[in-house]
Q: 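Please see the structure below; I have some questions.
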Amino acid sequence: MTAIDEAVDRLADAALTGKPCRPVRDLITDVAAAYEVQRRLNARRAGTVAGRKIGLTSPAVQRQLGVDQPDFGVLFADMEVSGTAAVERLLQPKVEAEIAFVLARDLSEDLDLAAVRAAVDYATPALEIVDSRIANWDITITDTVADNASSGLYVLGSERLPLSAFEPVEATMRMDAGGRIVSEGNGAACLGDPLNALLWLARTARDFGDPLRAGQVILSGALGPMVPVSPGVTVRAEISGLGAVAVTFEDAS
């Protein structure tokens with residue numbers, strides 16, 4: 001068994017049992033190997049690919065992990081929830097507010113800011129519920145990439161605006177949990193502009209041989225700090241010019 005196979009099995013077992021595992025950086029030491037782990041894990045998963053998520057868009061987080069670029073993970077259709085999120089589906093959830101883009105056309109060539117802007121059907125407010133199969137969020141860049149960029153669930157708002165009516169970089173965000181403000185930020189916190197993040201992903205996905213497609217949802221990256229959540233809490237984010245999105249975390253027990 002190769003080191004990549006061992007990393008895949010370790011993360012897959014954590015997801016299956018609901019018991020976080022130790023990091024996989026003892027098995028893989030570079031980002032290319034981490035993306036291969038991610039690819040193999042996602043190939044095991046039944047379900048329809050709904051889009052992608054972009055992570056590590058904050059310069060502060062990049063410095064913390066010693067990287068100089070974002071990462072990405074794959075969104076599956078069953079990751080989308082509406083109104084409520086069952087905590088038993090998660091191991092160590094945290095939540096962050098983002099701008100989601102839904103694409104009207106493929107992004108596979110002639111990729112620049114004008115091209116990605118033109119490809120966006122609409123923007124909508126989103127909450128990404130990030131999660132880690134790795135115990136205590138003890139992650140480096142290779143750990144999070146291998147773990148599908150620490151993907152969990154996501155929630156989309158009801159407002160849908162074309163970019164002719166909404167400028168992502170100008171947005172401000174406030175997120176509250178249980179009525180208390182827990183995170184604030186703005187569009188510039190996401191690689192200087194969420195459209196920069198979309199461009200980075202479009203180019204990277206193309207180079208990986210799996211370009212972004214019409215109809216896909218793209219979570220463009222956090223506008224402010226992520227925060228942990230617990231059962232019974234309702235999290236609501238307001239993004240100026242775009243609207244609000246909320247989710248309540250429920251415990252089946």
Q: Look at atom CG of Asn136 and say whether more than 12 heavy atoms of other residues, nucleotides or ligands are closer to it than 6.0 Å.
A: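 12 or below, so no.
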Q: Around atom CZ of Arg25, are there more than 12 heavy atoms from other residues, nucleotides or ligands closer than 6.0 Å?
A: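 It does: Arg25 CZ has more than 12 such atoms within range.
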Q: Quick one, Val182 with Asp176, criterion side chain to side chain contact (heavy atoms under 4.5 Å, CB included). Give me CA distance, side-chain angles, the key distance, then yes/no.
A: CA-CA 5 Å; Val182 293; Asp176 71 77; 5.6 Å; no
Q: Is it the case that the side chains of Thr172 and Ser240 hold a donor-acceptor pair, with the cut-off being a distance below 3.5 Å and no angle test?
A: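 Side chains of Ser240 and Thr172: pair found under 3.5 Å.
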Q: Do any pairs count as a ring-ring contact (aromatic ring centres under 6.0 Å, His included) and have a residue in residues 102-129, sequence neighbours left out, and if so which ones?
A: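 The answer is none; no pair qualifies.
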Q: Do any side-chain atoms of residues 127-134 form donor-acceptor pairs under 3.5 angstrom with protein atoms, and if so which ones, sequence neighbours left out?
A:
unit_1 : atom_1 : unit_2 : atom_2 : d
Glu128 : OE2    : Lys53  : NZ     : 2.8
Asp131 : OD1    : Leu91  : N      : 3.4
Asp131 : OD1    : Gln92  : N      : 2.6
Asp131 : OD2    : Leu91  : N      : 2.8
Ser132 : OG     : Ile134 : N      : 3.1
Ser132 : OG     : Ile134 : O      : 3.3
Arg133 : NE     : Asp147 : OD1    : 2.8
Arg133 : NE     : Asp147 : OD2    : 3.4
Arg133 : NH1    : Ser151 : O      : 3.1
Arg133 : NH2    : Asp147 : O      : 3.4
Arg133 : NH2    : Asp147 : OD1    : 3.2
Arg133 : NH2    : Ser151 : O      : 2.8

Q: Please assess Arg39 against Asp210 for the test salt bridge (Lys or Arg N to Asp or Glu O under 4.0 Å), listing each intermediate value before the final yes or no.
A: CA-CA 11 Å; Arg39 187 191 68 78; Asp210 188 14; over 6 Å; no
Q: Main chain of Ala189, side chain of Asn186: is a donor-acceptor contact present, judged purely on distance under 3.5 Å?
A: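 Pair found, side chain donor or acceptor close to backbone of Ala189.
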Q: Applying the side-chain hydrogen bond (donor to acceptor under 3.5 Å, both in side chains) criterion to Thr140, which one of Asp143, Asp138, Thr144 satisfies it?
A: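 The single option meeting the side-chain hydrogen bond (donor to acceptor under 3.5 Å, both in side chains) with Thr140 is Asp143.
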Q: Is it true that Arg10 and Glu6 make a salt bridge, defined as a side-chain N closer than 4.0 Å to a carboxylate O?
A: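 Judged by the 4.0 Å cut-off on N to carboxylate O distance, Arg10 and Glu6 do not form a salt bridge.
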Q: If hydrophobic clusters are built by linking Ile, Leu, Val, Met, Phe, Trp and Tyr wherever their side-chain heavy atoms come under 4.5 Å apart, do Leu242 and Phe101 end up in the same one?
A: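 Yes; tracing contacts between hydrophobic side chains, which count when under 4.5 Å, links both residues.
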Q: Whether Arg45 and Asp78 form a salt bridge (side-chain N of Lys/Arg under 4.0 Å from carboxylate O of Asp/Glu) is what I want to check.
A: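 Salt bridge: yes.
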Q: Report all side-chain donor-acceptor pairs from residues 211-226 shorter than 3.5 Å, counting only partners two or more places apart or in another chain.
A:
unit_1 : atom_1 : unit_2 : atom_2 : d
Arg213 : NH1    : Asp106 : OD2    : 3.0
Gln216 : OE1    : Arg213 : N      : 3.0
Ser220 : OG     : Ile99  : O      : 2.6

Q: Hey, is Arg174 close enough to Glu238 for a salt bridge, meaning N to O under 4.0 Å?
A: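 No salt bridge links Arg174 with Glu238.
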Q: Should Val145 and Ile54 be regarded as members of a common hydrophobic cluster, given that ILVMFWY residues are connected when their side-chain heavy atoms come within less than 4.5 Å of each other, either directly or indirectly?
A: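 Yes, one cluster joins them.
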Q: Please identify each residue that fulfils side-chain contact (heavy atoms from CB on, under 4.5 Å) with Glu159, with sequence neighbours left out.
A: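 Per chain and number, Glu159 pairs via side-chain contact (heavy atoms from CB on, under 4.5 Å) with Pro125.
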Q: Would you check if the side chain of Thr124 reaches a backbone N or O of Gly157 as a donor-acceptor pair within less than 3.5 Å?
A: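 Here the side-chain-to-backbone pair exists.
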Q: What residues form a ring pair (Phe, Tyr, Trp, His ring centres under 6.0 Å) with Tyr35, not counting sequence neighbours?
A: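 Ring pair (Phe, Tyr, Trp, His ring centres under 6.0 Å) check on Tyr35 returns Phe72, Phe208.
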Q: What about Val169 and Val120, same hydrophobic cluster or not, with Ile/Leu/Val/Met/Phe/Trp/Tyr joined at side-chain heavy-atom distances under 4.5 Å?
A: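 No, no single cluster joins them.
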Q: Residues two or more places apart in sequence or in another chain: which of them pass side-chain contact (heavy atoms from CB on, under 4.5 Å) with Val74?
A: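 Once residues adjacent in sequence are excluded, the partners of Val74 under the side-chain contact (heavy atoms from CB on, under 4.5 Å) criterion are Gln38, Asn42, Val49, Arg52, Phe76, Asn148.
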Q: Check this for me: does any side-chain nitrogen of one of Glu109 and Arg203 sit under 4.0 Å from a carboxylate oxygen of the other?
A: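 Arg203 and Glu109: not salt-bridged.
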